Number of protein chains: 2
Amino acid sequence: MPRSPTTSDVFNAIAEPRRRQLIELLAAGGALAVGALVASMDLPQPVVSKHLGVLRKVGIVSVHKDGKQRIYSLEADRLKVVHDWVKNFEQLWSHHLDRIKLRAERKARGEQA
Amino acid sequence: MPRSPTTSDVFNAIAEPRRRQLIELLAAGGALAVGALVASMDLPQPVVSKHLGVLRKVGIVSVHKDGKQRIYSLEADRLKVVHDWVKNFEQLWSHHLDRIKLRAERKARGEQA
DNA sequence: CAATTGTATTCCCATACTGGAATATGTCAA
DNA sequence: TTGACATATTCCAGTATGGGAATACAATTG
């Protein structure tokens, strides 16, 4: 079985640097038209539109028409799942690191408390 | 110009569900041998080894030998970059959401404060 | 309606990705 | 050394991906 189409998954959507850049632009600039995004990205318009399409499909951005322009907005709450996931490991790089690591290794060796 | 090899990038590494699962297992279980990971994942050993290889290359996990076993440990701090990135948008889904959204949209319309 | 502007879609190419199977490598034990 | 066990690597197939170019589509203006 070959690779499964992991697109339409938030983690995959943000794996692309350009798409992260788009997210950053929308986070900083609020709602923006495609043209504005194209101007900020060093990429041809069709490519930007395609990346926006991915983000749209995943729900990370939403669009509404404004004349012939399409205004994109960030739906930031869709990123929450990523935040929540990494947050689970936050303690592992905190200042408690040493103690936690030690405990984990002891456990791995099968030692009793 | 085709796609650039985005592998060896943390965001890409965690885009794979199986790899996230491996990370979770290591976070929960501390240091674990490949065999233990294979037992917990419904995947053949070579596939697991390959995923571990990716995580290793990115630095998300480290290995040390123990006899014929390879013990993998999570290098959680490598995930910090992801945490930091999403954290930038945390406020956008907080309870201030409405006010922030409003402000952003006003700004987009070019209105003055 | 025609022309123009803004954006999305389609087709193509080169490459990358994952999983499967087989095999190689490494390590210990007898 | 031989054999068994643990893990890594290689080769293959099918699919997905991103960017380029051309084109289609939509909306506004004249």
Side-chain angles (χ1 to χ4, degrees), chain A residues 1-23 25-26 29 31-58 60-73 108-109, chain B residues 1-23 25-26 31-58 60-73 108-110:
Chain A
M1 229 170 299
R3 178 212 248 169
S4 51
T6 30
T7 307
S8 79
D9 161 66
V10 177
F11 283 91
N12 222 323
I14 67 167
E16 246 293 323
R18 310 298 200 165
R19 289 197 285 262
R20 285 203 297 278
Q21 197 179 344
L22 283 170
I23 291 171
L25 287 170
L26 290 172
L32 293 173
V34 176
L37 293 168
V38 170
S40 299
M41 313 262 307
D42 196 28
L43 280 180
Q45 174 267 316
V47 174
V48 173
S49 276
K50 275 183 280 191
H51 280 307
L52 286 172
V54 173
L55 294 174
R56 213 172 33 201
K57 196 182 307 185
V58 177
I60 294 179
V61 302
S62 60
V63 216
H64 75 265
K65 297 188 184 179
D66 178 28
K68 41 188 164 188
Q69 304 193 115
R70 303 300 151 107
I71 311 297
Y72 279 83
S73 309
R109 274 186 256 110
Chain B
M1 229 169 298
R3 179 211 245 168
S4 51
T6 32
T7 307
S8 80
D9 159 67
V10 177
F11 283 91
N12 220 326
I14 67 167
E16 246 292 324
R18 311 299 200 164
R19 288 196 285 262
R20 285 203 297 278
Q21 196 179 344
L22 283 170
I23 291 171
L25 287 170
L26 289 172
L32 292 173
V34 176
L37 293 167
V38 171
S40 299
M41 312 263 306
D42 196 28
L43 281 180
Q45 175 266 316
V47 174
V48 172
S49 276
K50 274 184 282 192
H51 279 308
L52 287 172
V54 173
L55 294 173
R56 212 174 32 201
K57 196 182 307 186
V58 177
I60 295 180
V61 300
S62 60
V63 215
H64 74 264
K65 296 187 185 180
D66 178 28
K68 41 188 165 186
Q69 303 192 114
R70 304 298 152 107
I71 311 297
Y72 279 83
S73 309
R109 273 185 257 112

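Residue numbers begin at 1 in each chain, while the letters A, B, ... track the order of the sequences. These numbers come from a predicted model, not from an experiment.
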Can you check nucleotides 10-12 of chain C for protein contacts, nitrogen or oxygen pairs under 3.5 Å, and list what you find?
| residue | atom | partner | partner atom | Å |
| --- | --- | --- | --- | --- |
| C:dT10 | O4 | A:Lys50 | NZ | 3.4 |

In 5'-to-3' order, the base (B), backbone-only (S) or no-contact (-) status of each nucleotide in nucleotides 24-30 of chain D, using a 4.0 angstrom heavy-atom cut-off, is --SSS--
Separation between CD (B:Gln21) and CG (B:Leu26), nearest 0.5 Å, reads 11.0 Å
A:His51 NE2 to D:dA16 P, in whole Å, measures 18 Å
field: side-chain N/O A:Tyr72 vs C:dG6 OP1/OP2, d < 4.0 Å
entry: no
Rounded to whole Å, CG of B:Leu22 lies from P of D:dA8 at a distance of 11 Å
A:Glu16 CD to D:dA16 P, in whole Å, measures 17 Å
Between CD of A:Gln45 and C1' of D:dG19 the distance, given in whole Å, is 13 Å
Residue set satisfying side chain to side chain donor-acceptor pair (under 3.5 Å) with A:Arg70, at least two apart, ordered chain then number -> none
Taken to the nearest whole Å, CG/A:Leu32 to P/C:dG6 is 15 Å
A:Arg19 meets the side chain to side chain donor-acceptor pair (under 3.5 Å) criterion, sequence neighbours left out, with A:His51
B:Ile71 CD1 to D:dA8 P, in whole Å, measures 10 Å
Check: OP1 or OP2 of D:dT9 less than 4.0 angstrom from a side-chain nitrogen or oxygen of B:Arg56, does that happen here?
Finding: yes
Applying side chain to side chain donor-acceptor pair (under 3.5 Å) to A:Ser40 and not counting sequence neighbours gives none
With a 4.5 Å heavy-atom cut-off, do A:Lys65 and A:Ile71 have their side chains touching? no
Taken to the nearest whole Å, CZ/B:Arg19 to P/C:dA16 is 15 Å
Here the gap from B:Leu43 atom CG to B:Ser49 atom OG, rounded to the nearest 0.5 Å, amounts to 11.0 Å
Of B:Ser49 and A:Arg18, the one whose nearest nucleotide on DNA chain D sits closer to the 5' end is B:Ser49
Here the distance between atom P of D:dT9 and atom CG of B:Leu52, to the nearest Å, is 11 Å
Point to revise | Side-chain heavy-atom pair A:Ile60, A:Ile14 within 4.5 angstrom cut-off | key: yes
Taking C:dG19, C:dA8, D:dT7 as options, the one with an atom nearest any side-chain atom of B:Val34 is D:dT7
Strictly distance-based, threshold 3.5 Å: is any side-chain N or O of A:Asp66 a donor or acceptor partner for the main-chain N or O of A:Gln69?
no
Residues at least two apart in sequence or cross-chain that pass side chain to side chain contact (heavy atoms under 4.5 Å, CB included) with B:Pro17, listed by chain then number, are A:Thr6, B:Arg20
